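Just below is one structure, and these are the notes that go with it.
Everything numeric in this text was worked out from a predicted model, so none of it was measured.
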There are 2 protein chains.
Amino acid sequence: MKITMKEVAQHAGVGVGTVSRVLNNGSVKDSTRKRVEAAIKELNYQPDFYARGLKTNKTNTVALILPSVWHPFFSEFAFHVENRLEVNHYKLYLCNSSGNSEKEKEYIQMVTQNKVDGIIGITYSDIDDYVSSNLPFVSIDRYFTEDVTYVTADNSAGGRLAVNELSKRGCQNLAYIGGYQETPNETKSRRKYFEIECNQQQIEYQVLDMLEPLLDSWATIEAFLMENDTIDGIFTINDPMAIEVCKILKKLGKRVPEDVQVIGFDGQRISEGEGYLVSTIVQPIEKMAHSAVDLLIAVIEGKEVEKRTVLPISFGEGGTTKKL
Amino acid sequence: MKITMKEVAQHAGVGVGTVSRVLNNGSVKDSTRKRVEAAIKELNYQPDFYARGLKTNKTNTVALILPSVWHPFFSEFAFHVENRLEVNHYKLYLCNSSGNSEKEKEYIQMVTQNKVDGIIGITYSDIDDYVSSNLPFVSIDRYFTEDVTYVTADNSAGGRLAVNELSKRGCQNLAYIGGYQETPNETKSRRKYFEIECNQQQIEYQVLDMLEPLLDSWATIEAFLMENDTIDGIFTINDPMAIEVCKILKKLGKRVPEDVQVIGFDGQRISEGEGYLVSTIVQPIEKMAHSAVDLLIAVIEGKEVEKRTVLPISFGEGGTTKKL
DNA sequence: TTGAAAGCGCTAACAG
DNA sequence: CTGTTAGCGCTTTCAA
């Protein structure tokens, strides 16, 4: 049986309005409040947030749009987002857009219709027209042409750090290996600042940047590596790519990290609390998630927020670089 | 501005009841239906599912409870669940219980209050009392004492297959390395049938089974491996564990797969569409997710369903076993 | 400080 | 086959 406010009101000998006020911190005489709270507890009453949503157009629900959950970065991110939301009494709709921008638009439409209070989105597809600066929306890694709030790791510093860590460990001939998409996003800084830093330090480097979706990356990378046999340090766009590169290197008879050192990007761990899968530039995923949630809630509450949040990265030792 | 049914009705020159009937496939004269549909399209009307939920106690929402999303198996699973739900016009609340059974109970309570229509749960904690057999609930990998519907990969066959694949590749001295929890769950069959198969084939084997949460698994495993120096084939409870074991083996100067071959469990891929991270017993994650969703929806619709669904596994070559 | 009452947008029962 | 109407459980005026 479902307990409604009416029952609680009856039980406490007050009107439903009073119960509502108790729930929403309206002004109620202390003694009445006590009585109502007792009734709530006794009947184990829980407000119906559908009724509330209908009335207030506030749902305490946020949609998280991910391009895919396969990438461990996304799943860890989702994990932290949910945790932070929960603390703030929000629920999370998970939405895998799968690069399907129709589905993304659908969720964005949900905001405009008050079905979700806001959206956090990692989306590299072309939905710029739908994202206006006044709807509660926080983007990750991606700046839109409009001045949408976004959170990102310091990808530029990441690119530079990779060069430094590699060069510190004796690498003389670097390479960047990655994939990219046409839409502008912050991850492109990884390559850009890798190059800038190499140039500044006058280090030799090669670049293999493949347009996604990747068709036969294995063969492309293998060819690239065979052609550039003297490479002794590689920086990849992300950790999965680093793993693939390691496998290819092994096949080519190169030892990692003795012959070639590899640094990925993300900070992917073997499992919770364990070490890193590969040596990597670590994104502060938890911080990013928390910032995103905090910003979104601030926007929902009508506050002004900083448009751009950049969080610091660090280096994580994962066995694909030499010990210092 | 929000368009309501009333507007649509006015626009089409009918009553709201008729619009509702059109939406819910009630009997409406064809010409009227056309007119209403036109109005809906023209005004870009979208039903308010909060109002609907309030009225019908049907929310078209399912909660997915995961112990954590860190484990790639879970995230891939979530991905497929969401996709399948979406096809059936359901939305997904993501809930990371983090082993926090309070949070799990909270969501289970939501079902009883008609806030979600059902739950899919991977949960190893002790919430048996709350899971009654008549609420729409589908469990993964875990059977409860009550006759709750559940879906699982064929873990027994997986344990056996691991032994066979290892022995086929010349291993003579096997080991099982894993972690376990007290609550009964299907993953325990992995070890059990590994042992059964070894015994049947009269293959030597060792077992290292650690109670979770794992404190210093690295050291424990390292000691185990040093003590049992002749081991040449290892089967682990899951892929992350296989990766850790590989790293430890490397540190101990053993080559994988030349000296020691390793098979994990899950079928974790480097990234979407790529190869396997390690050689592994592949769970049909997508099928499991789809089955779970289909079963859950069937239960929600009041149909009788098979309590136990066991899906076949397979072997996936991932570079930590020798080529045949 | 509080109770009564008017809806929020929808479905379903009823009458036509 | 279709229009009208009574709520679903809640918040929020408006009076008292």
Please list, chain by chain and in numerical order, all residues satisfying salt bridge (charged side-chain N to carboxylate O under 4.0 Å, His left out) with [X], sequence neighbours excluded.
| X | value |
| --- | --- |
| B/K55 | none |
| A/E104 | none |
| A/E102 | A/K105 |

statement: So salt bridge (Lys or Arg N to Asp or Glu O under 4.0 Å) across residues 110-121 of chain B, not counting sequence neighbours, yields A/D48-B/K115, B/K58-B/D117
Listed once per pair and sorted, the salt bridge (Lys or Arg N to Asp or Glu O under 4.0 Å) pairs that draw on residues 284-301 of chain B, sequence neighbours left out: B/R84-B/D294, B/E301-B/K303
message: Strictly by side chain to side chain donor-acceptor pair (under 3.5 Å), give each pair with a member in residues 25-41 of chain A just once, sequence neighbours left out.
response: none
message: What's the angle between the local helix axes at either end of the helix from C/dT1-D/dA16 to C/dG16-D/dC1, using five pairs per end and rounding to 10 degrees?
response: 40°
query: According to the ring-ring contact (aromatic ring centres under 6.0 Å, His included) rule, which pairs have a member within residues 91-117 of chain A, sequence neighbours left out?
result: A/Y93-B/Y93
- prompt: Short question: side chain of B/T56, backbone of B/R52 - any donor-acceptor pair under 3.5 Å?
  reply: yes
message: Main chain of B/T59, side chain of B/T61: is a donor-acceptor contact present, judged purely on distance under 3.5 Å?
response: yes
Length of the [atom1]-[atom2] vector between [X] and [N], whole Å:
| X | N | atom1 | atom2 | value |
| --- | --- | --- | --- | --- |
| B/L54 | C/dG7 | CG | C1' | 12 Å |
| A/N57 | C/dG9 | CG | P | 7 Å |
| B/I3 | C/dC10 | CD1 | P | 10 Å |
| A/Q10 | C/dA4 | CD | P | 11 Å |

field: Sugar-phosphate or base contact per nucleotide [nucleotides 11-16 of chain C; S, B, -; heavy atom under 4.0 Å]
entry: BBB---
message: Restricting to side-chain contact (heavy atoms from CB on, under 4.5 Å), what partner residues turn up for B/Q10, sequence neighbours left out?
response: none
field: For B/E42, all residues meeting side-chain contact (heavy atoms from CB on, under 4.5 Å), sequence neighbours excluded
entry: B/H11
message: Could you tell me the boundaries of the chain A footprint on DNA chain D, defined by atoms under 4.0 Å from its heavy atoms?
response: D/dG9 to D/dT13
message: C/dT1, OP1 or OP2 - any side-chain N/O from A/T32 closer than 4.0 Å?
response: no
